[in-house]
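What follows is a set of notes on a single structure, which appears directly below.
Both backbone and side-chain heavy atoms feed into the values below; hydrogens, waters and symmetry mates do not.
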Amino acid sequence: MRPALLKLATWNVGGGILGESHQRDGIPSLDHHASVLEEHAPDVVCLQETHDYHGRREGQSEELARRAGYPYAASFPVSPSHMAEDASLALGVLSRFPLADMAYKRFPHPPLRTSGPRGERWTLHDKGYVVGSVDLGGRRLGLLNGHLFPLRRFGVSPMDPEFARMREMLTEDLLGMGGAGTAFAGLDANYGRIGELLADVVGAGGYRSAFEGTPTTPKGVQQDHILYGHGMRLLSTTVAATESDHAYCQVSVLV
């Protein structure tokens, strides 16, 4: 079978609200997000922090799919939104190809609390990831879309022992779906050193990190990552600043 060119992306859209993160009751502007997707035209995109609205059939993942022309979309609520009362934060996947066996997995975590930048009380909410596959017609591409805890805000690290199960879960599923070398992961890891975080996954014979050390937020730090399997050939990477608080990240690969 001839290699196929695919554009794969990840983007934390922050509830569709433009500007700095953690705005309360901000007004979403999906016009911007739809225009970015139309400009870069990814074949599959992993979205973090979309909003699923309570009592509505269409959330932000479904709206972006409709507006940007994606025939397949999936959305999985994760936790109550800290940006809107009537919404849950969700993980979304948009695709030009059929999606299969999509499932959400929640990370275990201790009950951490801290104070936010304006003195408000913050509680560590649920995070997790979606795992499944993309049907390319005669072959499958493994997919993982994940959002990890913002642990730096709570004075702890994802490398601490109490988060060992989180690392193990990601490792197990990444290795399980990536045995043939045709799989990718889009992650807002809230952590820059992905090779340290997933030491048994990233490296020779496993997954490769597409843009290690490249800042993906306006503060000049890397939080977002794309991992791609050893059976895929990387052609180009894109880390493009947007009007939201995360860059749009994309790879072009041969599968």
Under the 3.5 angstrom rule, does the side chain of [X] hit a backbone N or O of [Y] as a donor-acceptor pair?
X      : Y      : result
Gln222 : Gly213 : yes
Arg167 : Pro158 : yes
His32  : Glu243 : yes
Asp52  : Leu89  : no
Thr242 : Ser244 : yes
Asp135 : Pro98  : no
Thr217 : Val221 : yes
Glu62  : Gly59  : yes
Gln60  : Gly15  : yes
Asp160 : Glu162 : no

(message) Could you go through Glu58 and Tyr53, starting from their C-alpha distance and side-chain angles, then the distance that decides it, and tell me whether this counts as side chain to side chain donor-acceptor pair (under 3.5 Å)?
(response) CA-CA 8 Å; Glu58 185 178 75; Tyr53 295 102; over 6 Å; no
(message) Would Tyr104 and Arg106 count as a side chain to side chain donor-acceptor pair (under 3.5 Å) here? Give the steps.
(response) CA-CA 7 Å; Tyr104 171 69; Arg106 184 183 68 86; over 6 Å; no
Within-4.5 Å side-chain heavy-atom neighbours: [X] and [Y]:
X      : Y      : result
His51  : Ser81  : yes
Tyr72  : Leu94  : no
Leu6   : Leu141 : yes
Val130 : Leu144 : no
Asp126 : Phe107 : no
Val202 : Leu227 : yes
Cys46  : Phe184 : yes
His147 : Tyr129 : no

(request) Apply the test side chain to side chain donor-acceptor pair (under 3.5 Å) to residues Gln250 and Thr237: give CA-CA distance (whole Å), side-chain angles for both, the deciding distance (0.1 Å), then the verdict. (result) CA-CA 6 Å; Gln250 178 176 289; Thr237 64; over 6 Å; no
Distance, nearest 0.5 Å, that separates [atom1] of [X] from [atom2] of [Y]:
X      : Y      : atom1 : atom2 : result
Leu234 : Ser209 : CG    : OG    : 10.0 Å
Gln223 : Thr216 : CD    : OG1   : 6.0 Å
Leu30  : Leu18  : CG    : CG    : 9.0 Å
Asp101 : Met177 : CG    : CE    : 12.5 Å
Asp188 : Phe149 : CG    : CZ    : 12.5 Å
His109 : Leu151 : NE2   : CG    : 10.0 Å

With a 6.0 Å cut-off on the ring centroids, do [X] and [Y] count as close?
X      : Y      : answer
His40  : Tyr248 : yes
His33  : Trp11  : yes
His230 : Tyr207 : no

(message) The test is side-chain contact (heavy atoms from CB on, under 4.5 Å); show your working for Asp43 and Phe97 and say whether it passes.
(response) CA-CA 8 Å; Asp43 296 298; Phe97 306 96; 4.0 Å; yes
(request) In sequence, state the C-alpha distance, the side-chain angles, and the governing distance for Leu91 and Gln48, and then conclude on side-chain contact (heavy atoms from CB on, under 4.5 Å). (result) CA-CA 5 Å; Leu91 292 167; Gln48 300 88 35; 3.8 Å; yes
(message) Check Asp245 with Lys219, please: is the shortest side-chain N to carboxylate O separation under 4.0 Å?
(response) no
(message) Atom CZ of residue position Arg165 - does it have more than 12 heavy atoms of other residues, nucleotides or ligands inside 6.0 Å?
(response) yes
(request) Just do the side-chain contact (heavy atoms from CB on, under 4.5 Å) check on Val93 and Met102 with the steps written out, would you? (result) CA-CA 10 Å; Val93 179; Met102 305 291 285; 3.8 Å; yes
(request) Please report the shortest heavy-atom distance between His225 and Ala189, naming the atom on each side. (result)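 Here His225 and Ala189 meet closest at CD2-CB, 3.8 Å.
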